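Predicted model, so just to flag it, every value in this text is computed and none were measured. Computed over heavy atoms, backbone and side chain alike; hydrogens, waters and symmetry mates excluded.
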Amino acid sequence: MDDPKAAQGADAERAGAGRDQEEAVRRALEEYYRAGKPPWDTGVTPPELVALVEGHGEGHDALPPGRALELGCGTGTNAIYLARHGWEVVAVDLVGRAIELARERTEAAGVDVRLLHGDATRLDELDAPGPFELFFDLSCYCGIPPHRRDAYVAGLTRRAAPGARLLMFGYGPEAFDDPISGVTAEELRARFSGWELVDTTPGTNPVPTFWFTLRAPTG
């Protein structure tokens, strides 16, 4: 017979380890902003997002502007781009300093973006109701501890308009020395139940990276 106290102890140990992972990620991200400009915050909107929004490339139509949610918005480069192209934008980041800088930049750009300081895996705690036609994630998901990734998926799924797109950039697990970071197409297929993984395109970085395009259920 299973020992209830032992099971409870194991659950508590796992929960504690999960909290430690979350806090380690938070501290690491905050340290990047204290040290200066984070390496992922280039100030340039990725051409992959531009192609999706503006319809560049043969056979690709521009997306009609709607509501967009950016996960891990940094200092606001891509939120500003989307707002300038007619999108109603909500942008979330875990780091308070990133949101402060994004607010300064959006005000200077004269665009309206709802900026939220919070956790992309806990959207129900934020003012980010759906539906959204577009989700954009520039290396946010791949740094989320595994025990929070299903919550990320659930939050997006509850807020997805029928057929909504998710454009995600992520590092492969081989790019990191830690045991929690990275993402693969196989994982996305498994976690995003009901969504379609439409495209996987390798990035051009010196370490393994990928651009993933997913589509939410249409009905």
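With respect to the salt-bridge test (charged N to carboxylate O, under 4.0 angstrom), the residues R34 and E31 qualify. Between R27 and E30 there is no salt bridge, since no side-chain nitrogen of the basic residue lies less than 4.0 Å from a carboxylate oxygen of the acidic one. Salt-bridge formation is detected for the pair D124/R158: a Lys NZ or Arg NE/NH1/NH2 atom is positioned less than 4.0 Å from an Asp or Glu carboxylate oxygen.
Using a 4.5 Å heavy-atom threshold, the side chains of L82 and L134 count as touching. Counting heavy atoms from C-beta outward, Y33 and D41 have side chains that approach closer than 4.5 Å. Within the 4.5 Å cutoff, side-chain heavy atoms of L71 are placed close to those of F135. Here the side chains of C140 and E70 are not in contact, with every heavy-atom distance at 4.5 Å or above.
Atom CG in L138 sits 6.5 Å away from atom CZ in F169 (nearest 0.5 Å). Atom CG of residue L156 and atom CG of residue L69 lie 6.5 Å apart, to the nearest 0.5 angstrom. Put simply, CZ on F212 and CD on E48 are 12.5 Å apart, with the number rounded to the nearest 0.5 Å. Note that OG1 of T157 is 10.0 Å distant from CG of D150, once rounded to the nearest 0.5 Å. To the nearest 0.5 Å, atoms CD1 (I180) and CZ (R149) are separated by 7.5 Å. Separation of atoms CG (L188) and CH2 (W195) is listed at 11.0 Å; rounding is to 0.5 Å.
Formation of a donor-acceptor pair under 3.5 Å by the R165 side chain with backbone atoms of T213 is not found in this model. Put simply, the side chain of N78 never gets that close to the backbone of F136: no donor and acceptor are under 3.5 Å apart. Between the side chain of D127 and the backbone N or O of P129 there is no donor-acceptor pair closer than 3.5 Å. In this structure, H117 contributes its side chain and L94 its backbone to a donor-acceptor pair below 3.5 Å. No side-chain donor-acceptor contact under 3.5 Å links D93 to the backbone of I99. Looking only at distances, a side-chain donor or acceptor of R159 sits under 3.5 Å from a matching main-chain atom of A128. Although no hydrogens or angles enter the test, the distance criterion places a donor-acceptor pair under 3.5 Å between the side chain of R148 and the main chain of T121.
Both L49 and V89 sit in one connected hydrophobic cluster of ILVMFWY residues. Membership requires side-chain heavy atoms under 4.5 Å apart, directly or through other members. Under the 4.5 Å side-chain contact rule for hydrophobic residues, F132 and L166 share a cluster. By the rule that hydrophobic residues join a cluster once side-chain heavy atoms approach within less than 4.5 Å of another member, Y171 and L197 end up as members of separate clusters.
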Step by step, work out the side chain to side chain contact (heavy atoms under 4.5 Å, CB included) result for V90 and R67. CA-CA 8 Å; V90 179; R67 301 188 70 234; 4.2 Å; yes

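Between Y141 and Y152, the ring planes lie perpendicular to each other; the angle is over 60°, past the 30° to 60° tilted range. Relative orientation of the Y81 and H85 rings is tilted, given thresholds of 30° and 60° on the angle between their planes.
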